[in-house]
Amino acid sequence: MKTQILIAALFFSGFVTAQQKKDSLKVNSIEAVNIKKQVFKKQGDRLVYDVAASPIAKGTNTFNLLKQTPMISSVDGKTLKILGKSDAVIYINNKKTNMDAEALIEMLKSTPSEDIQKIEVITVPGSEFQVESKEGVINIVMKKNKNNGYNGTLKMQNEQAYYNNPSAGASFNFRQGKWSGNSNVRMGSWTERQRYTLSNGDPTFRNESYGYNDDPNKTFGGGFNVDYEISKKQSVGISYNMRYNKSFNSVLDVTNFQNGNITNRTVNNEDAQTRNHSFNLNYEIKTDSLGSKLTSNVSYLWFNRDKVSFNETFPLNNVKDNNYSALHQSVPQIINNYAANIDYLKKTAKGETWLMGASYNHTNTDNDTKQDQYVNQEFIPDTYQTNHFIYKENILGIYLNYERKLTEKLSGKIGARYEMTRSTGDIVGKEGGFTRNYNNLLPYLNLNYTINSDHNLSYTFSSRIRRPRFWELNPSRTYFTPTNYTQNNPFILAAKFYNQELNYMYKNAFYANLSFNMVEDAAASDMIPLQGTVTAPKKDEDGNYIYDPLGNKIMETTRFLRYIKTNYGKNRELSLTLGMNKSWFNDIWTTNYSVNLGYITYQGAVLADPTSKPGPEETEVVDPYIIDIKNYNMSATINNTIRLSSKKDWFLGVNYFFASQAAMESGMIGARQSFDISLKKIIGDWTVVAEVYDLFNQSFYRVQGTQPNGKYNNITNFNYPRLLNIGVTYNFGNQKLKKAREMKSANDAVKSRT
C-alpha cells in the first residue's frame with residue numbers, strides 16, 4: 001500500500017508541476033477580444049466536458065468520445081464505467097436512454113461526435129435521476145441546430161477475437177417544420193468463446209473442472225422516435241424500440257476430476273432467444289419564458305426470454321458408482337411493465353429551480369420453469385425443480401428538488417425521493433411464497449463552492465437502494481455439473497446505499513474525487529459459493545433404491561457447490577480518484593489520465609441456503625460462509641490521442657488500463673490490464689478506424705476465495721479478450737440537423753433490472 005500511495009503522490013504532484021505552464025485552453029478571437037473556452041469544468045453537481053471545444057471531437061463517434069472523457073473508462077470496447085462507481089447509466093439530454101445495454105453501445109458507436117455539444121459526468125446523481133445503488137450518470141447533451149433536412153449514418157465493422165464477428169447498422173434523422181424524428185437499425189452475429197477452470201474443496205478433498213463454452217448469437221434491433229411540435233410551447237411524441245437475440249447451439253463442455261482422478265464429463269447444450277419491445281408516449285408543455293415546463297408520459301415494456309437446455313454427464317475411467325445422468329430444463333421468463341410519470345420543472349426570476357414529480361410502475365414477471373430428470377432410461381418430471389413462479393411489484397415514487405445560488409460563490413441543491421414498494425412472490429401450487437412491503441425516504445444534498453477562477457470544491461450526499469434484478473428472483477438453476485450450479489433466490493432483500501463525495505478541481509484540468517459508500521443488507525456483487533453435503537438414499541442407474549443385507553436403505557453423501565445470490569451483511573468503501581485532462585503542443589497531443597485508490601471492507605455471513613428444501617429422506621449440511629475482508633486496491637487509466645497530420649485527418653490512440661488485485665465477497669479478483677491501440681483516418685464523410693483492444697490478453701476474470709475453515713473456491717474465466725476491430729462509417733446529409741426531442745420513459749428504472 002505504501003508503494004501505491006507513493007505512486008499516487010508522484011502522479012498528482014506531476015500534475016500540479018505541469019500546470020505551472022500556460023493552460024492550453026482553446027482561444028477564439030471575436031473582434032480582437034480573446035475568449036477562453038473551458039474544455040473541462042465543474043458545474044454544480046456534475047463535471048462538464050465541452051466536446052465542441054475539444055480537439056479530439058472531430059471525425060469520431062460518441063462511444064470513442066466517451067472513452068476520452070475524464071472519469072470514464074472502457075476496458076473491453078463494449079462497456080463504459082465511471083471510476084469508483086458500480087456502473088454508468090446513460091442519459092441523453094437529461095432523459096434516460098430507452099435501450100438495453102448492447103443496443104445502446106451500438107447506438108453510441110453509430111452517432112457522430114459532431115452531433116455532441118457536451119458530456120456531463122454526474123458521479124452522485126440527484127433525486128430526479130432513476131438510478132440505484134452507487135450508479136453514476138453520463139448525460140450526453142446534443143447540439144441544437146434547427147435546420148430542416150435529413151442526415152444519417154451507415155456503419156459496418158468486423159471484429160476478430162477467437163471467432164470472426166461482423167455487424168452493421170444505420171441511423172436516419174429528419175426535421176421538417178413541426179415534424180422531427182429519428183430511426184435506427186442494427187444487426188450482427190458473434191460467437192463468444194470462454195475457457196473455464198473451476199476448483200473447490202478443502203485440504204482433504206478437491207473437485208476440479210476444465211472446459212469451454214461456445215455461445216453463438218445473432219441479433220437484430222432498431223427503433224424510431226417521432227416528435228410533433230403542436231405549438232411553440234407544446235410537443236407530443238412517440239417512440240418504439242425493439243431487440244431480438246437468438247443464441248442456439250450454445251455448448252458448455254467440462255471434464256471433472258476428484259482428488260486428481262478423472263471422473264466424468266458434463267455437456268450442456270442450450271438454445272435461448274430474447275425479445276424486447278418497448279413503447280413510450282410523451283407530452284411536454286412549456287409554462288413560461290424562463291424554462292419552466294410540465295412533462296408526462298406513459299410506457300409499456302414487454303420482455304421475453306426463452307431458454308431450453310439438455311445437460312448430460314458421462315462417466316469416465318470406470319469410476320465405481322459413477323453413472324450416466326441427464327436432465328432437460330426449460331426456463332422461460334416473461335416481464336410485463338406498465339408505467340407512468342409526470343414531472344414539473346419550475347424556474348423563477350430569482351434563479352431558483354424547483355423540480356417535482358411522481359411515478360408509478362407495475363411489473364408482472366412470469367417464470368414457468370420445467371425440469372425433467374433421467375430415471376429408468378426415460379425422462380420424468382422433477383417435481384422439486386419444476387416450479388411456476390409469479391412475481392408482482394408495484395412502486396409509487398414522488399420526488400422534490402430545490403436548487404439555487406446562495407451567494408456569488410456558493411450554490412446548493414437539496415432534494416428527496418420517497419418510494420413505496422409493494423411486492424408478492426408466489427410459487428403456484430407450492431409453499432414458499434412471500435409478501436414484501438417497504439418504504440424508503442432517499443435524501444440528497446449538493447453544495448458547490450467556487451473559491452476563485454482556479455479552484456472549485458463541492459460536497460454531495462445521496463441515499464439509494466438496489467432492488468434485485470428480475471432474473472435473480474426466479475428460483476431456477478443453471479448447471480455446470482450435476483453438483484455444481486448457480487441458484488437464483490426469490491428471497492433477496494433490497495440493499496440500502498449511502499453515498500458521500502468530496503470533489504476538488506484545479507484550473508478546470510486537474511481533479512481529486514474522494515468518496516465514501518456504506519451499504520446495509522448488502523447482497524453480493526457476484527454469487528456466493530456455498531459448499532456442503534447432501535445425504536440421501538442411494539439409487540442405481542435405473543433409479544431404484546439400493547438396500548444392505550438387513551434391508552436398510554444404503555445412504556450416500558454427495559458434496560455440492562452452489563453459486564447463490566443472497567444478502568450477507570454490510571460493506572464500506574473509501575475511494576480516491578486523482579485525474580488530469582489536458583491538451584499539449586497546440587492540441588496535437590491530448591491526455592486523459594487518472595488513478596483510483598480504494599479501501600473496502602465486507603462483513604457478514606451466509607449460514608444457510610434460503611432456497612433449499614431437502615427431500616423427506618435427505619439431510620443437508622451447508623458449510624458457513626464467513627465474509628470478513630479488508631482490501632486495498634488501485635486502478636489507473638491512461639488515454640492518449642495524437643494528431644498525426646496538420647489536416648486533422650490522421651489520429652493515433654494509445655491507451656492503457658491497469659487494475660490491481662481487488663476483493664469481492666466471493667474472493668480475490670486477480671490483477672487485470674489492457675493495452676489498446678487505434679488508428680483513425682478521416683476521408684471527407686468517411687471514417688475508417690482500426691483498433692486493437694487488450695493486445696496482450698490480460699483483461700480476463702479470475703477469482704480465488706478461501707474460508708477460515710480451509711474451504712476454497714477458485715474460478716478462471718478466460719474469454720479471449722484480445723480483439724481486432726475494423727470499422728467503416730459514412731455520414732450523409734445535413735450534419736447540422738437538430739436531433740428530435742429525446743423522450744424520457746416511465747419504465748426506465750425497470751429496464752435495467754431485466
Side-chain angles (χ1 to χ4, degrees), residues 3-19 23-24 38-42 46-51 54 56 63-77 79-88 119-124 134-138 456-458 460 501-517 573-584 589-600 632-642 653-660 662 671-676 699:
T3 303
Q4 296 175 0
I5 294 174
L6 179 59
I7 293 173
L10 293 173
F11 186 74
F12 196 62
S13 64
F15 287 170
V16 177
T17 302
Q19 272 304 293
D23 197 37
S24 60
Q38 297 177 338
V39 176
F40 183 54
K41 61 184 177 181
K42 185 72 166 64
R46 60 201 64 192
L47 300 168
V48 180
Y49 185 37
D50 190 346
V51 173
S54 171
I56 68 170
F63 183 84
N64 287 333
L65 198 60
L66 287 169
K67 291 196 301 181
Q68 297 293 332
T69 300
M71 292 290 293
I72 300 176
S73 66
S74 177
V75 181
D76 54 8
T79 57
L80 294 164
K81 294 284 185 182
I82 296 178
L83 295 178
K85 304 299 170 185
S86 57
D87 211 342
I119 297 170
E120 300 174 341
V121 181
I122 310 171
T123 52
V124 184
K134 58 175 183 175
E135 293 174 335
V137 166
I138 300 172
N456 182 276
L457 186 66
S458 67
T460 309
E501 181 178 282
L502 187 65
N503 178 274
Y504 168 72
M505 179 167 285
Y506 175 65
K507 285 193 173 181
N508 295 302
F510 304 91
Y511 59 90
N513 203 75
L514 179 66
S515 64
F516 178 64
N517 302 302
E573 182 177 8
L574 182 65
S575 176
L576 173 63
T577 300
L578 308 174
M580 172 188 75
N581 180 265
K582 188 171 175 59
S583 296
W584 312 83
W589 176 28
T590 302
T591 57
N592 174 24
Y593 296 167
S594 64
V595 168
N596 181 265
L597 305 173
Y599 174 73
I600 190 166
Y632 294 94
N633 57 78
M634 177 201 128
S635 63
T637 301
I638 300 174
N639 293 330
N640 300 275
T641 300
I642 303 170
V654 181
N655 304 326
Y656 176 72
F657 173 82
F658 171 79
S660 69
R672 294 162 294 158
Q673 58 183 324
S674 176
F675 180 71
D676 312 328
S699 180

Q | Ser635 and Asn633: side chain donor to acceptor below 3.5 Å | A | no

Result for side-chain hydrogen bond (donor to acceptor under 3.5 Å, both in side chains) between Thr577 and one of Asn596, Asn503, Thr123 points to Asn596

All heavy atoms of Met505 vs all of Lys42, minimum pair found to be SD-N, 3.5 Å

- Message: In terms of relative ring orientation, are Tyr49 and Phe40 parallel, tilted or perpendicular, with 30° and 60° separating the classes?
- Response: perpendicular

So CG of Leu574 and OG of Ser515: to nearest 0.5 Å the spacing works out to 7.0 Å

Q) Do the non-hydrogen side-chain atoms of Asn508 and Asn581 ever get within less than 4.5 Å of each other? A) no

- Task: Apply the test side chain to side chain contact (heavy atoms under 4.5 Å, CB included) to residues Asn640 and Tyr593: give CA-CA distance (whole Å), side-chain angles for both, the deciding distance (0.1 Å), then the verdict.
- Result: CA-CA 8 Å; Asn640 300 275; Tyr593 296 167; 2.6 Å; yes

Can you tell if the side chain of Tyr504 reaches within under 4.5 Å of the side chain of Leu514, non-hydrogen atoms only? no

* 4.5 Å side-chain heavy-atom contact, Phe675 and Val654 -> yes

By salt bridge (Lys or Arg N to Asp or Glu O under 4.0 Å), Glu501 pairs with (sequence neighbours left out) Lys85

- Which is it for Tyr511 and Met71 under the side chain to side chain contact (heavy atoms under 4.5 Å, CB included) test, yes or no, and what are the steps along the way? CA-CA 10 Å; Tyr511 59 90; Met71 292 290 293; 3.4 Å; yes

Checking Ser660 side chain against Met634 main chain: does a donor-acceptor pair fall under 3.5 Å?
yes

Taken in chain and number order and not counting sequence neighbours, the residues that satisfy ring-ring contact (aromatic ring centres under 6.0 Å, His included) with Tyr656 are none

Under a 4.5 Å cut-off applied to non-hydrogen side-chain atoms, are Leu457 and Leu502 in contact?
yes

Sub-4.5 Å side-chain heavy-atom contact between Thr69 and Asn592:
no

Rounded to the nearest 0.5 angstrom, the OG1-CH2 distance for Thr641 and Trp589 is 11.5 Å

Would you find a donor on one side and an acceptor on the other, under 3.5 Å apart, between the side chain of Thr637 and the backbone of Phe657?
no

Distance col, row Met580:CE vs Ile638:CD1, nearest 0.5 angstrom, shows 9.5 Å

Distance col, row Ile600:CD1 vs Asn517:CG, nearest 0.5 angstrom, shows 8.5 Å

One should read off an interatomic distance between Asn456 CG and Lys41 NZ, to the nearest 0.5 angstrom, of 11.5 Å

In this structure, CD1 of Ile119 is separated from CG of Leu65 (nearest 0.5 Å) by 4.0 Å

